[in-house]
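Chain naming here is simple, since letters A, B, ... match the order of the sequence lines and numbering starts at 1 in each.
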There are 2 protein chains.
Amino acid sequence: MVVAVEVHDIAAARLRDTDQRYTRNRRAIVTALAATDRPLTLPELLKANKGLPQSSAYRNLAVLEEAGVVRRVVSGGEFARYELAEDLSEHHHHFICSTCGAIEDFTLPADVEATVERALQRAARRTRFAGVHHQLDLVGLCANCQ
Amino acid sequence: MVVAVEVHDIAAARLRDTDQRYTRNRRAIVTALAATDRPLTLPELLKANKGLPQSSAYRNLAVLEEAGVVRRVVSGGEFARYELAEDLSEHHHHFICSTCGAIEDFTLPADVEATVERALQRAARRTRFAGVHHQLDLVGLCANCQ
DNA sequence: CTCAGTGCAAAGGATTTGCATGCCG
DNA sequence: CGGCATGCAAATCCTTTGCACTGAG
């Protein structure tokens with residue numbers, strides 16, 4: 001896990017590369033995302049950032065995604081979710097509750113990751129897709145919904 | 001892969017279990033989904049079924065999903081996608097184009113699946129999630145978008 | 001000064017729902 | 001007959017966008 005201060009430096013640098021600024025709103029969003037252990041919905045981001053208007057949040061998230069600082073996670077729930085880009089946090093997976101949409105992060109042992117990654121790269125070679133990275137989620141029922 | 005006629009029988013049975021009927025529209029949707037090798041968007045379903053109104057399609061897909069006949073696949077694109085439930089087709093994964101949202105199915109060697117599944121069940125035990133099944137997708141650029 | 005960022009309000013667009021009608025059991 | 005299914009149209013609601021204003025460089 002990259003330390004928090006570095007995250008801001010990297011975010012600033014990536015934005016600069018596309019001629020954008022690392023403003024207070026954007027820094028606040030990154031801070032909020034760095035502080036949790038699961039992807040946040042927009043309402044959650046707004047709650048963590050009183051005073052941040054929806055439209056600014058959406059717009060800034062789009063910019064941050066474009067710059068490779070955040071990643072949009074489509075979980076199937078009503079809202080999209082956002083998390084820091086993998087190289088700003090660490091490779092991980094999600095538990096997704098199929099009933100309420102709750103999400104939780106988890107990681108796999110390195111050797112399993114390696115096996116999966118190898119098999120996937122092999123599979124990818126048989127198709128016309130390129131620049132592939134994987135996304136492995138678990139779907140089930142969370143404690144509340146069981 | 002279960003043969004086509006069985007799919008309809010199973011679909012009918014599952015609907016009956018929830019006091020719903022296997023109508024012409026629903027059968028048409030299932031037929032269309034059984035005929036492709038990738039999840040379909042709603043527009044694609046409508047195109048494959050001239051005369052089927054949007055609202056009926058959405059409503060029937062919801063019913064079919066509820067009955068466990070189809071599965072909604074959230075690919076991140078503009079439209080949701082739908083495919084037959086796994087036990088009506090077979091366990092598979094998706095290549096997803098991060099630019100245009102195109103999707104293609106693929107499968108992994110059985111031994112890799114087994115390894116992954118074992119590791120995931122172990123990981124799942126450490127959380128409060130239950131009834132877990134995995135969902136492994138590859139994200140990259142399709143031939144058109146490279 | 002300039003131009004990206006901001007915030008409000010309004011628009012967009014996929015999906016859902018109300019309601020009257022049709023049809024299967 | 002009774003109740004689910006249908007289809008049209010209208011409503012929802014997450015997300016995007018237009019526009020005037022502010023602020024950093």
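Rounded to whole Å, the distance from CG on A:Leu61 to C1' on C:dG5 is 14 Å. Rounded to a whole Å, the CD atom of A:Glu78 is 13 Å from the C1' atom of C:dT16. Atom CG of B:Leu52 and atom P of D:dG7 are 7 Å apart (whole Å). When the P atom of D:dG2 is taken as reference, atom CG of B:Asp19 falls 18 Å away, rounded to whole Å. Following rounding to the nearest Å, A:Leu46 (CG) and C:dT6 (P) show an atom-to-atom distance of 14 Å. Summarising the geometry, the separation between OH on A:Tyr22 and P on D:dG25 is reported as 15 Å, rounded to the nearest angstrom. Rounded to an integer number of Å, the gap from CD of A:Glu66 to P of C:dA4 is 15 Å. In this entry the distance linking CD1 of A:Ile29 with P of C:dG7 reads 10 Å, nearest Å.
Closest to the side chain of B:Leu42, from the set C:dT15, D:dC4, D:dC8, is C:dT15. Candidate nucleotides D:dT15, D:dC4, C:dG7 were compared by shortest atom distance to the side chain of B:Gln20, and D:dC4 ranks first.
Between A:Arg14 and A:Leu88 there is a side-chain heavy-atom pair separated by less than 4.5 Å.
End-to-end axis angle of the helix from C:dC1-D:dG25 to C:dG25-D:dC1, from C1' rotation axes over five pairs per end: 30° (rounded to 10 degrees).
A:Ala80 comes within contact range of the sugar-phosphate backbone alone, with a heavy-atom separation under 4.0 Å but no base atom that close. Nucleic acid contact for B:Gln54: base, since at least one base atom lies under 4.0 Å from a heavy atom of the residue.
Note on B:Asn25: every side-chain N or O is 4.0 Å or more away from OP1 and OP2 of D:dA5. Residue B:Asn60 has no polar side-chain atom (N or O) positioned under 4.0 Å from OP1 or OP2 of D:dA5.
The minimum heavy-atom distance linking A:Leu40 with A:Ala32 is given by the pair CD1-O, 3.9 Å.
Separation of atoms OG1 (B:Thr99) and CG (B:Leu141) is listed at 4.5 Å; rounding is to 0.5 Å.
A salt bridge does not link B:Glu104 with B:Arg38: none of the charged nitrogens is closer than 4.0 Å to a carboxylate oxygen.
B:Gln146 places a side-chain N or O within donor-acceptor distance of the main-chain N or O of A:Arg128, the cut-off being under 3.5 Å.
Residues A:Leu138 and A:Val116 are members of one and the same hydrophobic cluster, defined by side-chain heavy-atom contacts under 4.5 angstrom among Ile, Leu, Val, Met, Phe, Trp and Tyr.
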Could you go through B:Glu66 and B:Val63, starting from their C-alpha distance and side-chain angles, then the distance that decides it, and tell me whether this counts as side chain to side chain contact (heavy atoms under 4.5 Å, CB included)? CA-CA 5 Å; B:Glu66 180 73 25; B:Val63 170; 5.5 Å; no

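Between B:His8 and B:Tyr22, the two ring planes are tilted [angle within 30° to 60°]. The aromatic rings of B:His93 and B:His134 sit parallel to each other, their planes meeting at less than 30°, with 60° as the upper class boundary.
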Nucleotides 17-25 of chain C: which of its N/O atoms have a protein N/O under 3.5 Å away?
unit_1: C:dG18; atom_1: O6; unit_2: B:Arg59; atom_2: NH2; d: 2.9

